[in-house]
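First comes the structure, then the notes that go with it.
Just so it is clear, the values below take in all heavy atoms, side chains as well, and ignore hydrogens, waters and symmetry mates. Lettering of chains follows the sequences in order, A, B, ..., and the numbering in each one begins at 1.
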Protein chains: 2
Amino acid sequence: MPGGRVRKAPTIVEIARDLGVSSSTVSRAFTAPRLLKPETVERIRAAAAERGYIPNVHARALSTGVPRTIGLIVPDIANPFFPPMIRAAQRVAEQSGHTVLIADTDGDVEREKRIIERLAAQSESLIIASSRLPSTELVELTDRRRVLFINRDEPDTARILVSARDALCRGVDRLLALGHRRFAYVGGPAGSWSEGERHGAVVEALQGTRALLRSLRIPSGTYEDTMAAGEQILLSGPTAVIAFDDVIAHGVIDLLHRRGISVPEQISVVGCDDTLALTTQPPLASIALRAVDAARLAVQIVSEGQVSEMLAPRRIALQGELVERATVGAAPETHCPGREAPM
Amino acid sequence: MPGGRVRKAPTIVEIARDLGVSSSTVSRAFTAPRLLKPETVERIRAAAAERGYIPNVHARALSTGVPRTIGLIVPDIANPFFPPMIRAAQRVAEQSGHTVLIADTDGDVEREKRIIERLAAQSESLIIASSRLPSTELVELTDRRRVLFINRDEPDTARILVSARDALCRGVDRLLALGHRRFAYVGGPAGSWSEGERHGAVVEALQGTRALLRSLRIPSGTYEDTMAAGEQILLSGPTAVIAFDDVIAHGVIDLLHRRGISVPEQISVVGCDDTLALTTQPPLASIALRAVDAARLAVQIVSEGQVSEMLAPRRIALQGELVERATVGAAPETHCPGREAPM
DNA sequence: CAGTGGCATGCAAACGTGTGCACGCCGGTT
DNA sequence: AACCGGCGTGCACACGTTTGCATGCCACTG
């Protein structure tokens, strides 16, 4: 029916009129049924269901003053790290009758600010992932709005960190136990909390050992640029490469293949995020992060408590887990300089 | 400030009071500035900006009766096909001052129905991608609501199709020109419009030629299950494999590697969606789809015209483009005639 | 039988914005 | 000088829902 008109949605007053009750009664049948006679509730709900009544969120938000909406801000929806989080957030939010509003900032600070203002005005809480905002603006924001950060470790704010630290330490320990003594860390874009944490974890785990570490970064974080950085990566003759994420690790593996270096016989590779799983050859050892748990928890935290109160500062770090696969193996005997001391 | 209170947002009446004008005037300064003296508009806008005023979307939606919201429903946010579309939709929507509400159905029909009802109630239009709803429900829906479908070809509805048809035909022609005569089509999940279109295109392109085609499907559509379907895929001894999407194509390539079959010397492979680009070895020939264009166009179409009127039925097919890469080559001379290696 | 208390429901105001209508003012025409 | 038209602004109501308070009814108690 091309020329047809959009059917107007039934409202509470229409149902009330048809049933000969007051609109308040209909309202209460949904929001405070215990105040009503059970039989009345039943009658109203039946009539509402029959007419396909759905409460108008705008009217409700306006009346109560609290929009049942949670804003979720991410740098880039198309980055495969975020969709599973978004999905998880949606699922738990809908259980408490909340709507999740998604927005992406494009990694641009100015845009992030605008988005935050716009979203804050229409949601009761904000969840901001991987914020690029300067610290001063963050704290100013947190005492005006209910906001929870993911992967941004700012003191005196509510935050959840999807951490790879413990797992990376275990990964390094494992590599040491396999005889590796020459490491390369191939980092990602500068400035993100994740890059700082991961690099820090590797450095720390190697502290006090006799092992060698060479670090570099692929600013773009792409597969292609990683392939192009061959010289840099192989410069120090590492036997183990730890990558900032799986995309970079994938680049490293293919780079090694291309140079005729076998994985893991000559060089072991460990990724992070565990997004590629079995799709590399050989299957990539990686660190599975608890991003989905973080999203769930985030929504849970912001939905509880009085919406008129700010969120209490807290720091929650969810530790990921090392998933060992075929890209990890013993260090090549021949490359190991004389001292093969057990730990 | 942990114990602090959420700052109340400034409203139109506060600004009006401070400036000694009526609230209508302030309202008009934003929605109908041409009715006001330019100087008044300027004064009000300055005061509003200074106080950080942002129009309350709920009040506005309630008052005008039109929520400036577009619902976008996809089967699965985490499916890499959709995030770029979501992103594109958001970008064009924000230019016309619309908010895009995302929801995913999990591929479940019951859930899809619930989501549609919920979203329809609070948005002025719906964009539904890859709907699994039965035809009868679709047409019933379209004469109650403003809804536009993506990748669902239902007559008498407004729809946009992200098509691979023409490009697939060209791809098959190209393979024929390269001497290929034995084809395999490895399909994806049944029931989707895309699967029907792609399989149909391949069948059609081979019609009237002397070439052989064997078709099968990987119902799960995963890399792992594709690897596991080796026997089925190689049964007819194809020299060219066309896959439903890049994930399956990736599985096929690695499967061939594992069996010592070289690509493209012995078998050529073509994917679809062009999501993996250069990350396979060798880089995968694929069909780049115009999903982003489709999303943009969809938002554009639903935002124009009177919101009280239904969308006019129309059918728009956006044709993708073949991107030829190293997995495509000439058919092997030796294998071409009768002899095939059983596995 | 009057008084009391509790339960079920109605009344009306409020949330913030948009908009049809009315009003006053000013410059120009008759 | 009376009139008119148009421009700029204010008044008041509407949108759909929630909620504090009032009201009526009933059963029970003294």
Any pair counted as side-chain hydrogen bond (donor to acceptor under 3.5 Å, both in side chains), so long as it reaches residues 121-130 of chain B, sequence neighbours left out: B/Ser125-B/Arg146

Minimal non-hydrogen separation, B/Arg68 against B/Ser96, with atom names: NH2-O, 3.0 Å

B/Thr40 side chain near D/dT9 phosphate (N/O to OP1/OP2, under 4.0 Å): yes

Nearest-Å distance for atom pair CD1/C1', residues A/Ile15 and D/dT18: 16 Å

B/Gln95 and B/Gln300, any side-chain heavy atoms less than 4.5 Å apart: no

Side chains of B/Ser22 and B/Ser24, donor plus acceptor under 3.5 Å: yes

Whole-Å gap separating P (D/dC7) and CD (B/Glu39): 18 Å

Length of the line joining B/Ile44:CD1 and D/dT9:C1', which is rounded to integer Å: 10 Å

Rounded distance (nearest 0.5 Å) linking atom CZ of A/Phe30 with atom OH of A/Tyr53: 6.0 Å

Spacing of B/Leu19 atom CG relative to D/dG10 atom P, expressed in whole Å: 10 Å

Atom-pair distance (NZ on A/Lys37; P on C/dG10), nearest Å: 10 Å

Rounded interatomic separation in angstrom, taking CG from B/Leu35 and C1' from D/dG6: 13 Å

Donor-acceptor contact below 3.5 Å, side chain B/Asn151 vs main chain B/Val162: yes

Length of the line joining A/Arg17:CZ and C/dT9:C1', which is rounded to integer Å: 19 Å

Would you tabulate the nitrogen or oxygen pairs shorter than 3.5 Å linking the protein to nucleotides 15-19 of chain C?
from: C/dC15; atom 1: O2; to: A/Leu62; atom 2: O; distance (Å): 3.3
from: C/dC15; atom 1: O2; to: A/Ser63; atom 2: N; distance (Å): 3.2
from: C/dG16; atom 1: N2; to: B/Ala59; atom 2: O; distance (Å): 3.4
from: C/dT17; atom 1: OP1; to: B/Tyr53; atom 2: OH; distance (Å): 2.6
from: C/dT17; atom 1: OP1; to: B/Asn56; atom 2: N; distance (Å): 3.3
from: C/dT17; atom 1: OP2; to: B/Ile12; atom 2: N; distance (Å): 2.6
from: C/dT17; atom 1: O2; to: B/Ser63; atom 2: OG; distance (Å): 2.8
from: C/dG18; atom 1: OP1; to: B/Arg60; atom 2: NE; distance (Å): 2.5
from: C/dG18; atom 1: OP1; to: B/Arg60; atom 2: NH2; distance (Å): 3.0
from: C/dG18; atom 1: OP2; to: B/Ser27; atom 2: OG; distance (Å): 2.6
from: C/dG18; atom 1: O4'; to: B/Ser63; atom 2: OG; distance (Å): 2.6
from: C/dT19; atom 1: O4; to: B/Ser24; atom 2: OG; distance (Å): 3.4

